[in-house]
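See structure below.
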Amino acid sequence: MGIKISRRKFLQTASLAAAALPLSRLARAAEPGLVKKPVAAPGSFTGTETRYGGMCEMCFWRCQLTGKVRDGRLVKLEGNPKSLENGSSICARGNAGIQLLYDPDRLKYPLKNVGERGAPKWKRISWAEALDEAAERLKVIQKKHGPHSVALFPHGASAFYPLQYFEFTGTPNISEASFYQCRGVRDMAYMSTFGFAPNEDVDMANAKVIFLVGTHLGENVHVSHLKQYLKGLENGAKLVVLDPRFSAAASKADIWVPIKPGTDTAFLQAVMKRLLDTGKYDQEFVAKSCTGFDQFKEAMAHATPEWAAKTCDVPKAQLLQVADLLGANLPNVAVHPGRHTTWYGNDFQRSRAQACLTALLGAYAVPGGLIRPKGVKLGAASWGHGVFAQDCDLSKFWPFHPPGTPTDAIRETTLTAKPYPIKAWIAWGQNPIQTIPDQARTIAALKKVDFVMVTDIMPMDITMYADILLPEKTYLERYDYVKTGMQWDPAAKPQQFVAARMPLVEPLFEGRDSVWIVNELAKRLGHGDKIPVASIEEHVDKRLAPAGLSIAKLKALEGIFTQDGVSPYAPAGKREFEFDTESGKVELFSEQIDSNDFAGSPAYVPTAEVPAGYARLVYGRSPVHSFSRTQNNIWLHHEMPENPLWINDRVAAKAGLKDGDRITMVNQDGVKSRNSTVLKVTPGIRPDTVYLAHGYGSMNPELTVGKDQGIDDQSLITLFGIDRETGATGMRTSFVKVVKDGRTLEMMV
Amino acid sequence: MKQYGMIIDLEKCIGCHACAVACKAEWEVPADQGRNWVQRLGPETTADGLASTYYPGLCNHCDQPACVPVCPADPVKMEFKDPKSGAVKVMEVAATWKDPFDGTVQIDKNRCLGCGACAEACPYGARYVNPNLGEEGKADKCSFCVERTALGLAPACVQTCLAGARIFGDLNDPDSEVARYVKRGAIRLESDAVKIGPNVRYYGKKRDLALLVASCAPKSMPQASLRRIWLARMFKPVVKGVKKETLFDLFG
């Protein structure tokens, strides 16, 4: 045999002797019978079987997938080429789904906490033991304090069935992060204006102007949505972005308005007043399809460009430029309704303003406007409606609240037992530690209740507080969601699709699906005779039945059924529409809102000013993460291991801070960030604002990749707003100072 | 002769990192490495205003690849065949070479020593040593997914890109989309000190390209490469002309 020499030594030794190494290797390679590690990856197309019917849940857009499987192992996820939405594209998170499936830190078995909440010691138990104990403890609580003493925090497709079940048992105390800390404000505002929730169904692909109010597309990634956005830009749409930060979207914008945080409604009012003053609004649409015009006009009268320019800290000329651009291109203007819209606690009015602006521009059911995609009618299979005890509804103070109960009302009721005790918290796919502001109060509530049950896939910060912790199957191992919709480009040939989530691989460990778990609980809680479906497969089949489909039929169709659809555009020239509002028209002024003692036309409600020496903490999305859910994904972690704090270059210079500095933060209440992060010094953010991507800095030590990586923005949000109309949580309302080397630094504007 | 190349259209790229992650899955790249990568640049002030863009990087399959001549593996005669014309060309190559028919730079992982000289030589940092391959690791990098394109599939990064921001094709074909991008001004990421003919080009707004070049164009050829080149030169004449059998006899 030749000379054995290590690679390192070879690299270190630049000599002829070392050069002899390759020859020895060559000789050894030729030796027969030697078992060797593979020298090259074969590629996902070699020796794999393609499985169809996958549906992503790395976020909640639910792109359709195929999986490449080799020897039972999923090696790659790809977009299903049959998909009318994402096609063969998926995002970074979608591609990284396999690292969730095979994450060694996954929850594998039912666990019982034999330590303390927050400092758990886990004991592996059987499903029967876990369900018996959970049912027993829930039964005692429900019997003693009533069914409404159980609160549920659901998130994701699998949480839908448990949500229906607990509502059926008689608790209204269900709070979805996707409503109360995200979309609920927007949906209720558009419901009150147009009579329907807008989703993000705005036709950017065929717009002449795209108007983003804080929406940071590119950092917020949903595949088909971004395809629409990019097609619009490619077709020459002008892009206007309101954002205190030079966001991913701002970097592509024709007009970037670095607006003062919290003042968007003032800007929108002034834009609408300008349109009214110049007559550049869709007069025919307003006359035929809207109501409350006179009161609306009066409510906008105060919003002069001078006032708004001062209020929003933007140049008056820029404001007028935006208004005139919108007016000149009506009705083909995409006024994006936003997605995460719970910002300041004045958000219902801002979302109302976006809806009214859409109406004023006549941007409805036209290319570029707000549209209502038509999918295929699906069936339902659910628990019956719940009967709530009298006076147990905590949401009554917020007449325009989205379904469920405002999160803060549940937490405060839990802590005060007023007007009644809440004694059990159940989290199902939601991580309330990192979704709700003021973590200390959330933790206090979790420690106060008699029982905490959590169902999840990964150890999260919330799972540390569980008494009983149940593992769910991942989206790659289970059936559940049924999706319908249309082709991604509204102007293309109208098509519709139905897809159902189907497993791509055999389940690992002891994870179960939510229908099985809930049914087993229900049997133990005396609801065995009311179970609507025996299995998740039956649930899916019942959803599919009205479309003439079944799991078996969809499988034969490579996971997706398609048929001819309907154009989302009204016939050209049609300006009269009926809407599902009280008046049957778009409500520029709403009697219903007005009669509840709120402003009937969009009103600007100022948010608290930034105290001297502080900066406002604003947060947003990272394109490679879905909040805290994906922090432990080793591929995604590699792409963005922490969340840099954006700070204005002039403010940084005054504080003696440099790009790349390692920093921590302290907020207005003296709460310090648990972790540090890196500073990003840039002219691309307002001096009064600092910015972090949300979801980082998880604290669960069982997250061997994600723990303590970056700063948890939610840990610093102790001052928060509650939206008066909806009860949703405004979270851009806390203020921070940067701390470096133990010194707290003044943020001097 | 073809010269495969890739255009990154920064007007479309939204910085989602799907390309980097899809490649990881496709080629089983270790979690802490990448055959390709995305860096966010800016916001920074440029002569044309505030700019923020991305650096989606990968192997440039250069006209004069710095990685090829440094490979110390003993050269062998290798036959290349143009799949289209059937033309055949025989070259003497080490464990990495530039393909005479499609212009891609490839690695023979069977003969790669895993020494990492090529990784050190690349001014773009496009190569790394994958420790999971072979006994002591193998050099790895973007192959332009020629293994996929041979089967009619798009490169993994191109297939997953929702933006259509990665365009793959033959730069020598004037009718190709990539060639049209070159005509429209797609630039090479190079500097006065580093001009080795990268065949990945970037297209975008002037201010974004200015930021990209200022932040990411390599400023010098890696120092280490000189040592590798010397080593390779010392080594090659010894091997040349010596038959394989003799080598086995020597060391076997």
Side-chain angles (χ1 to χ4, degrees), chain A residues 1-3 6-7 10-11 14 16 19-27 29-30 36-41 43-45 75-79 86 88-92 94-96 98 217-219 221 223 226-227 230 233-234 246 248 250-252 623-624 634-636 638-640 682-684, chain B residues 11-12 14-18 20-22 24-28 31-32 34 38 42-45 50-53 72-74 109-117 132-138 147-148 151 153 156 159-164 208 227 230-231 234-235 238 244 247-248 250-252:
Chain A
M1 270 304 289
I3 312 150
S6 78
R7 178 163 58 89
F10 173 66
L11 283 168
L16 275 175
L21 170 80
L23 307 180
S24 71
R25 286 275 186 82
L26 194 69
K36 291 179 71 207
K37 282 162 77 180
V39 294
S44 73
F45 48 89
V75 298
K76 192 169 180 238
L77 292 163
E78 295 182 349
N86 57 292
S88 48
S89 300
I90 47 175
C91 73
N95 273 291
I98 6 178
L217 299 179
E219 283 151 315
V221 173
V223 172
L226 287 183
K227 282 163 73 173
L230 290 165
L233 295 184
E234 198 179 342
F246 195 70
S251 73
K252 294 198 187 308
V624 302
I634 196 161
W635 284 351
L636 298 176
H638 171 75
E639 295 305 310
M640 286 190 191
T682 172
Chain B
E11 289 206 0
K12 293 181 178 171
I14 42 94
C16 78
H17 293 239
V21 183
K24 268 204 162 70
E26 184 67 49
W27 296 112
E28 298 171 33
D32 60 347
V38 181
E44 274 180 40
T45 308
L50 206 52
S52 179
T53 188
D74 43 326
K109 295 241 174 47
N110 280 303
R111 294 192 300 114
C112 169
L113 312 168
C115 72
N132 302 334
L133 300 177
E135 297 307 312
E136 286 197 60
K138 298 285 179 185
E147 304 88 338
R148 286 175 60 92
L151 301 172
L153 301 166
Q159 176 181 296
T160 206
C161 180
L162 71 94
D208 290 344
R227 185 160 58 91
W230 174 78
L231 180 63
M234 292 294 282
F235 174 59
V238 181
K244 260 189 184 175
L247 292 177
F248 291 141
L250 258 171
F251 293 95

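All figures in this text were calculated on a predicted structure; none of them were measured in a lab. Letters go in sequence order (proteins before strands), and every chain restarts at 1. Only this structure's heavy atoms are used, side chains among them; waters, hydrogens and symmetry mates stay out.
Contact of the B:I14 side chain with the A:V221 side chain is registered, since non-hydrogen atoms from C-beta on lie closer than 4.5 Å. Put simply, the side chain of A:E234 does not reach to within 4.5 Å of the side chain of B:E11, judged on heavy atoms. Side chains of B:K12 and A:K252 form no contact here, defined as non-hydrogen atoms less than 4.5 Å apart. Between A:N86 and B:L162 the shortest side-chain heavy-atom distance does not fall below 4.5 Å.
When all heavy atoms of B:K109 and A:V39 are compared, the closest pair comes out as CD-O, 3.1 Å. Taking all atoms of both residues into account, the shortest heavy-atom contact from B:H17 to A:E639 is ND1-OE1, 2.7 Å. The two residues B:L50 and A:F246 have their closest heavy-atom pair at O-CZ, 3.6 Å.
Of the two parts of A:L230, only the side chain, counted from C-beta on, holds a non-hydrogen atom closer than 4.5 Å to a non-hydrogen atom of chain B. Looking at B:C16, both its backbone and its side chain come within 4.5 Å of chain A, counting heavy atoms on both sides. For B:A51, the part lying under 4.5 angstrom from a heavy atom of chain A is the backbone only. Looking at B:E44, the atoms closer than 4.5 Å to chain A (heavy atoms on both sides) all sit in the backbone: N, CA, C or O. In this structure, no portion of A:L233 lies under 4.5 Å from any heavy atom of chain B.
Interface check for chain B: of the options A:G684, A:A41, A:C91, the most heavy-atom pairs under 4.5 Å are formed by A:A41. Annotation: maximal heavy-atom pairing with chain B below 4.5 Å, among A:G218, A:S251, A:P623, occurs at A:S251. The candidate with the highest count of non-hydrogen atom pairs below 4.5 Å against chain A, out of B:T53, B:N132, B:V38, is B:N132. Counting heavy-atom pairs closer than 4.5 Å to chain A, the top residue among B:L153, B:T160, B:D208, B:L133 is B:T160. In terms of heavy-atom pairs under 4.5 angstrom with chain A, the leader among B:G42, B:G15, B:A18 is B:A18.
Taking the charged nitrogens against the carboxylate oxygens, A:K37 and B:E135 have no contact shorter than 4.0 Å, which rules out a salt bridge.
One distance of note links CD1 of A:I98 with NZ of B:K24; it measures 11.5 Å at 0.5 Å rounding.
Listed for the A:T682 side chain is a donor-acceptor partner under 3.5 Å among the backbone atoms of B:P43.
Within a 6.0 Å sphere centred on CD1 of A:I634, other residues, nucleotides and ligands contribute 12 heavy atoms or fewer.
Under 3.5 Å, the side chains of B:Q159 and A:S88 contain no donor-acceptor pair of N or O atoms.
For B:E28, the salt bridge (Lys or Arg N to Asp or Glu O under 4.0 Å) test picks out A:R70, with sequence neighbours left out.
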